[in-house]
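Scroll down for the structure; my scribbles are underneath it.
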Amino acid sequence: MPWTLRVPLLADEALSSWLAKAALRQGCDPLALTGAIWPGWRVWTRDIDRGIPDARLDPLVQVSGIPASDFEQAALRGVYEQISGHPLAENRSWPWLLALGTRNRVHHGGQQFCSLCLTQDITPYFRRAWRMAWHVGCPLHDVLLLDACPTCHAPIEPHRLVAEDKHIAQCARCKLDWRHVACTPISQDALRFQQLADEVLQRDHAVLGDKAISASEWFAVNAFLLGVIRRASRWPASELTFALQSLGISVTERLLPVTGLSFELLPVSERSAMLTTIQRMLDIGLDEMFEAFHRNEVMATALHDPRKSPPEVIRPMMVNGSPRQKTSRGDLQSGHQPKSERAVRAAWARLKRRMKTEMP
Ligand SMILES: [Zn+2]
Ligand SMILES: [Zn+2]
């Protein structure tokens with residue numbers, strides 16, 4: 001039977017947001033609502049923002065009165081297949097999509113919001129873009145997004161709210177109303193990167209130096225650069241770090257990640273610091289950056305995992321411009337020096353993360 005209270009799906013709204021909002025509007029818990037639409041299907045144990053399988057759309061169309069095509073358009077799958085350049089498997093992590101770290105119905109992260117946007121909404125809702133890993137700030141309000149409750153540090157889990165909560169701009173654990181929390185200014189370089197990435201997706205191509213490349217190749221280049229930053233920040237006394245410093249790029253900033261967690265699992269502050277650094281690299285230009293690598297005798301193995309081939313547009317720079325191949329000096333990075341404080345902190349953070357995931 002169709003709902004008596006219709007809940008429109010907004011053009012930039014995430015599917016999980018709409019489902020949770022629709023439940024509260026009908027006066028029931030999100031879990032109860034989805035249990036009634038799809039008996040026996042545990043929708044919240046998956047990442048529903050990616051998309052609703054075709055076979056599951058019918059009952060939702062019946063109750064909501066919203067055409068199936070609107071749900072298909074709201075799904076993130078299309079954007080992420082454009083980024084990857086190929087179809088994506090449901091049971092794998094998707095590059096550049098924040099990972100929910102789902103264990104049963106509990107999430108460990110993966111959702112962000114701008115509290116000022118929520119304040120302005122007539123009915124607060126979460127945007128699709130807030131799931132994208134390169135989104136770290138709100139361009140309308142110039143603030144860093146929040147990816148956890150500022151009071152109790154719980155992840156953002158609107159599906160765990162209950163009927164009495166009425167709206168989704170609040171913490172499912174401590175009930176803090178997120179429309180009244182303090183905001184942090186955003187790095188303008190990180191915001192520039194975010195907007196550039198959005199434009200590249202919209203146009204489906206990009207220009208790098210004097211080359212036109214596809215959107216998917218552009219994202220691959222930036223994933224490569226993220227790897228370079230991580231390697232440099234892990235080895236602050238390496239040739240790679242000196243080369244970047246010679247270009248005015250600091251890789252010893254406090255906020256750069258010390259864990260080995262993938263970009264899609266990092267907190268917003270660390271992603272923002274990394275995107276700030278990438279934007280500076282893009283401003284300098286890759287040709288100039290690779291020349292600096294060459295001058296500083298940076299080895300190719302210091303830049304990337306040799307088991308994975310670098311993006312096509314990077315390959316000529318690896319051969320001509322610069323990095324020399326591994327020499328008899330061996331890999332400097334695997335030396336038996338005592339571990340730096342940073343390396344110990346990284347190991348500790350990884351251990352904590354693992355304990356959190358393994359705990360029931
Ligand atoms: Zn905002
Ligand atoms: Zn809270």
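Start at 1 and go down the list; that is how both ligands and their atoms are numbered.
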task: May I ask you to check whether W134 and F263 place their ring centres under 6.0 Å from each other?
output: no
field: W178 and F126 aromatic ring geometry - parallel, tilted or perpendicular at 30°/60° bounds
entry: perpendicular
- prompt: Do Y125 and W18 have side chains that get closer than 4.5 Å, going by heavy atoms?
  reply: no
query: Within 45° of the ring axis of F293 and under 6.0 Å from its six-membered ring centre, is that where the NZ or CZ of R295 lies?
result: no
- prompt: Leaving waters out, which protein N, O or S atoms fall under 2.8 Å from the Zn ion (ligand 1)?
  reply: C114 SG, C117 SG, C138 SG, H141 ND1
task: Might you confirm whether atom CD of Q195 has over 12 heavy atoms from other residues, nucleotides or ligands at distances under 6.0 Å?
output: yes
query: In this structure, which one of Q194, Q279, R280 forms a side chain to side chain donor-acceptor pair (under 3.5 Å) with D189?
result: R280
- prompt: Has the side chain of D29 got a donor or acceptor atom that lies under 3.5 Å from a matching backbone atom of A163?
  reply: yes
field: Short side-chain to backbone donor-acceptor contact, R131 and R50, under 3.5 Å
entry: no
- prompt: Which protein N, O or S atoms sit under 2.8 Å from the Zn ion (ligand 2)?
  reply: C149 SG, C152 SG, C171 SG, C174 SG
message: Can a donor-acceptor pair be found, under 3.5 Å and without considering hydrogens, that links the side chain of E217 to the backbone of V313?
response: yes
